[in-house]
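Can you keep this structure in mind? I'll have questions shortly.
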Number of protein chains: 2
Amino acid sequence: MKRNSRLSSTLHILVHMADAPDRALTSEQLAGFIHTNPVVVRRTIAGLRDAGIVTSSRGHGGGWQLGRAPDKISLAEISAALGETLLPFSTEPESPGCLVEQAVIAVLDDFRLEAERLLAERLGHITLADLTADFRRRYDLIGVSSHAV
Amino acid sequence: MKRNSRLSSTLHILVHMADAPDRALTSEQLAGFIHTNPVVVRRTIAGLRDAGIVTSSRGHGGGWQLGRAPDKISLAEISAALGETLLPFSTEPESPGCLVEQAVIAVLDDFRLEAERLLAERLGHITLADLTADFRRRYDLIGVSSHAV
DNA sequence: TCGATTCGTAACTAACTAAGTTACATGAAA
DNA sequence: TTTCATGTAACTTAGTTAGTTACGAATCGA
């Protein structure tokens with residue numbers, strides 16, 4: 001798994017889970033999808049379990065499943081559950097008492113607040129079901145074209 | 001200079017430059033403002049020079065000045081000149097040929113495109129002059145209060 | 001012209017972050 | 001009770017970025 005691809009990789013995993021709603025998938029299998037290590041998967045999606053987006057079970061036949069219907073899981077929730085920050089710039093004071101820095105931080109924090117609201121709103125409208133539908137569309141297209149040849 | 005504070009630090013520097021429009025400030029002086037090294041400053045704002053946001057001159061009395069009026073310099077330009085990415089998540093394919101990944105990347109890239117457009121639009125409306133005005137306001141307030149005591 | 005000053009940049013070091021890995025305890029099902 | 005799977009801590013490795021040193025190039029003043 002590459003750096004900064006936690007959101008993308010997690011969505012990949014979740015679509016696979018949505019595509020196999022009848023059975024639990026193990027960390028091992030999920031890791032295979034994104035070419036990484038089972039422990040990395042467990043660590044990455046631990047937050048999703050706490051958020052109720054997925055459930056996990058141990059022992060024989062255990063593994064991971066979606067916690068609710070794909071159309072009830074938005075990308076905003078997933079991103080938040082991963083602890084990802086959409087806007088990466090820091091506004092930590094480094095020169096306490098400097099009025100210039102205070103002005104910069106104030107303006108930047110205002111912008112960040114507004115931006116995060118906007119992005120969350122947009123991400124809230126995209127659900128896992130949308131992703132799954134997009135995948136099925138692609139799958140059917142390939143199927144047709146290979147039949148045609 | 002902390003990690004991920006390049007935008008914030010650069011704005012800090014630029015406001016100081018806007019506040020001293022009559023003279024060039026050296027990398028050494030600028031570095032002092034954000035508690036870092038002159039070379040780090042030169043490296044960081046090199047892109048701003050290429051974008052015409054600042055100018056630099058060598059030798060005696062040399063240093064850095066704004067390339068144009070503060071109200072003609074937007075945060076969007078500054079951010080772009082720094083090479084900063086507002087949305088940090090990666091959508092590089094890691095499993096070429098996987099239709100699930102393709103669907104994820106397609107949706108994520110759509111979102112990114114729209115989000116970057118939105119953020120750039122917002123940042124385009126904030127200028128260095130706004131920051132400078134905010135700083136002056138804070139400065140005057142302190143002045144008044146210290147007189148009052 | 002010479003020397004002081006300042007930027008431009010390459011090369012290296014250090015610190016930090018995040019993924020990858022190993023190991024083992026816990027819990028559940030056959 | 002054996003096997004399979006997660007939960008998690010601890011450590012290693014790789015990659016990124018700030019910090020530093022060094023030195024060449026350009027510019028100004030004496």
Side-chain angles (χ1 to χ4, degrees), chain A residues 1-10 12-13 17 20 23-67 81-85 88-90 92 94-95, chain B residues 1-10 12-13 17 20 23-67 81-85 88-90 92 94-95:
Chain A
M1 181 161 88
K2 290 203 193 78
R3 230 181 158 91
N4 287 343
S5 68
R6 273 169 64 200
L7 178 58
S8 164
S9 294
T10 300
H12 187 159
I13 282 175
M17 286 168 56
R23 70 182 196 282
L25 298 178
T26 67
S27 315
E28 186 93 31
Q29 294 174 302
L30 296 177
F33 293 138
I34 59 173
H35 304 113
T36 185
N37 189 290
V39 177
V40 173
V41 168
R42 294 202 280 268
R43 197 156 59 197
T44 302
I45 64 179
L48 303 199
R49 181 185 49 231
D50 302 337
I53 296 169
V54 297
T55 61
S56 63
S57 52
R58 301 181 175 193
H60 259 295
W64 301 80
Q65 285 181 285
L66 292 185
L82 286 173
E84 298 260 278
T85 166
F89 59 81
S90 158
E92 296 261 307
E94 299 181 51
S95 310
Chain B
M1 181 161 86
K2 291 204 193 77
R3 229 182 159 91
N4 286 344
S5 67
R6 272 169 62 200
L7 178 57
S8 164
S9 295
T10 299
H12 187 158
I13 281 174
M17 286 168 56
R23 70 181 197 279
L25 299 178
T26 67
S27 314
E28 187 92 33
Q29 294 174 304
L30 297 177
F33 294 138
I34 59 173
H35 304 114
T36 185
N37 190 289
V39 177
V40 173
V41 168
R42 294 202 281 267
R43 197 156 60 196
T44 302
I45 64 179
L48 304 199
R49 183 184 48 230
D50 303 338
I53 296 169
V54 298
T55 62
S56 63
S57 53
R58 302 180 176 193
H60 258 297
W64 301 81
Q65 286 181 284
L66 292 186
L82 285 174
E84 298 261 277
T85 165
F89 60 81
S90 158
E92 296 261 307
E94 298 181 51
S95 311

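Per chain, numbering begins at 1; letters A, B, ... match sequence-line order.
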Margin query: Whole angstroms only, please: what is the CZ-P distance between A:R3 and C:dG20?
Written below: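 To the nearest whole Å, that distance equals 11 Å.
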Margin query: Below 4.0 Å from chain B heavy atoms, what is the first contacting nucleotide of DNA chain D and what is the last?
Written below: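 Contact span on the strand: D:dT16 to D:dC28.
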From CZ of B:R43 across to P of C:dA11 the rounded distance in Å is 13 Å
Problem set entry | Note, B:E94 side chain near A:S9 side chain (heavy atom, < 4.5 Å) | yes
note: B:I45, atom CD1; C:dT9, atom C1'; distance rounded to Å ~ 15 Å
Using a cut-off of less than 4.0 Å, is there contact between a side-chain N or O of B:S56 and OP1 or OP2 of C:dG8?
yes
* Measure from CH2 on B:W64 to C1' on C:dC7 and round the result to the nearest Å. =>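 After rounding, the gap between these two atoms is 7 Å.
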Contact string for nucleotides 22-30 of chain C, one letter per nucleotide 5' to 3', B = base within protein heavy-atom range under 4.0 Å, S = sugar-phosphate only, - = neither, reads BB--BBBB-
> Between B:H35 and A:G63, which has a closest nucleotide on DNA chain D that is more 5'?
Replying inline: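 On the 5' side of the pair lies A:G63.
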Would a distance-only check, ignoring hydrogens and angles, find a side-chain to backbone donor-acceptor pair under 3.5 Å from B:R6 to B:E84?
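Between the backbone of B:E84 and the side chain of B:R6 there is no qualifying donor-acceptor contact (under 3.5 Å).
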- Does some side-chain heavy atom of B:M17 sit less than 4.5 Å from a side-chain heavy atom of B:L30?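 The answer is yes, as the side chains (C-beta and beyond) meet within the 4.5 Å cut-off.
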- Message: Closest-nucleotide mapping onto DNA chain C: is A:N4 or B:T26 further toward the 5' terminus? I mean the 5' end.
- Response: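 Final value for this comparison: B:T26.
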Distance check, rounded to the nearest 0.5 Å: B:H12 atom NE2 versus A:S95 atom OG?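 So the gap between those two atoms works out to 5.0 Å.
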Walking DNA chain C from its 5' end, the first of A:K2 and B:S57 to be reached, judged by nearest nucleotide, is B:S57
In terms of heavy-atom contacts, B:A24 and B:G61 come closest through CB-O, 3.9 Å
Rounded to whole Å, CG of B:L25 lies from P of C:dT5 at a distance of 18 Å
Sorted by chain and number, sequence neighbours left out, side-chain contact (heavy atoms from CB on, under 4.5 Å) with B:E28 holds for B:T26, B:P38
Polar side-chain atom of A:S5 near backbone of A:M1 as donor-acceptor pair, under 3.5 Å: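 Here the side-chain-to-backbone pair does not exist.
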Checklist line | Protein-nucleotide distance (A:M1, atom CE; C:dA18, atom P), rounded to Å | finding: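 Distance, rounded to whole Å: 11 Å.
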Check your understanding: Hey, does the side chain of A:T36 come within less than 4.0 Å of C:dG20's phosphate (OP1/OP2), counting only N and O?
Key ->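 Answer is yes, contact under 4.0 Å.
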On a heavy-atom basis, the closest approach of A:S90 and B:R3 is CB-O, 4.0 Å
key: Min side-chain heavy-atom separation A:R49-A:W64 under 4.5 Å   = yes
- Taking atom C1' of C:dA4 as reference, at what distance in whole Å does atom CD of B:E28 sit?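 To the nearest whole Å, that distance equals 15 Å.
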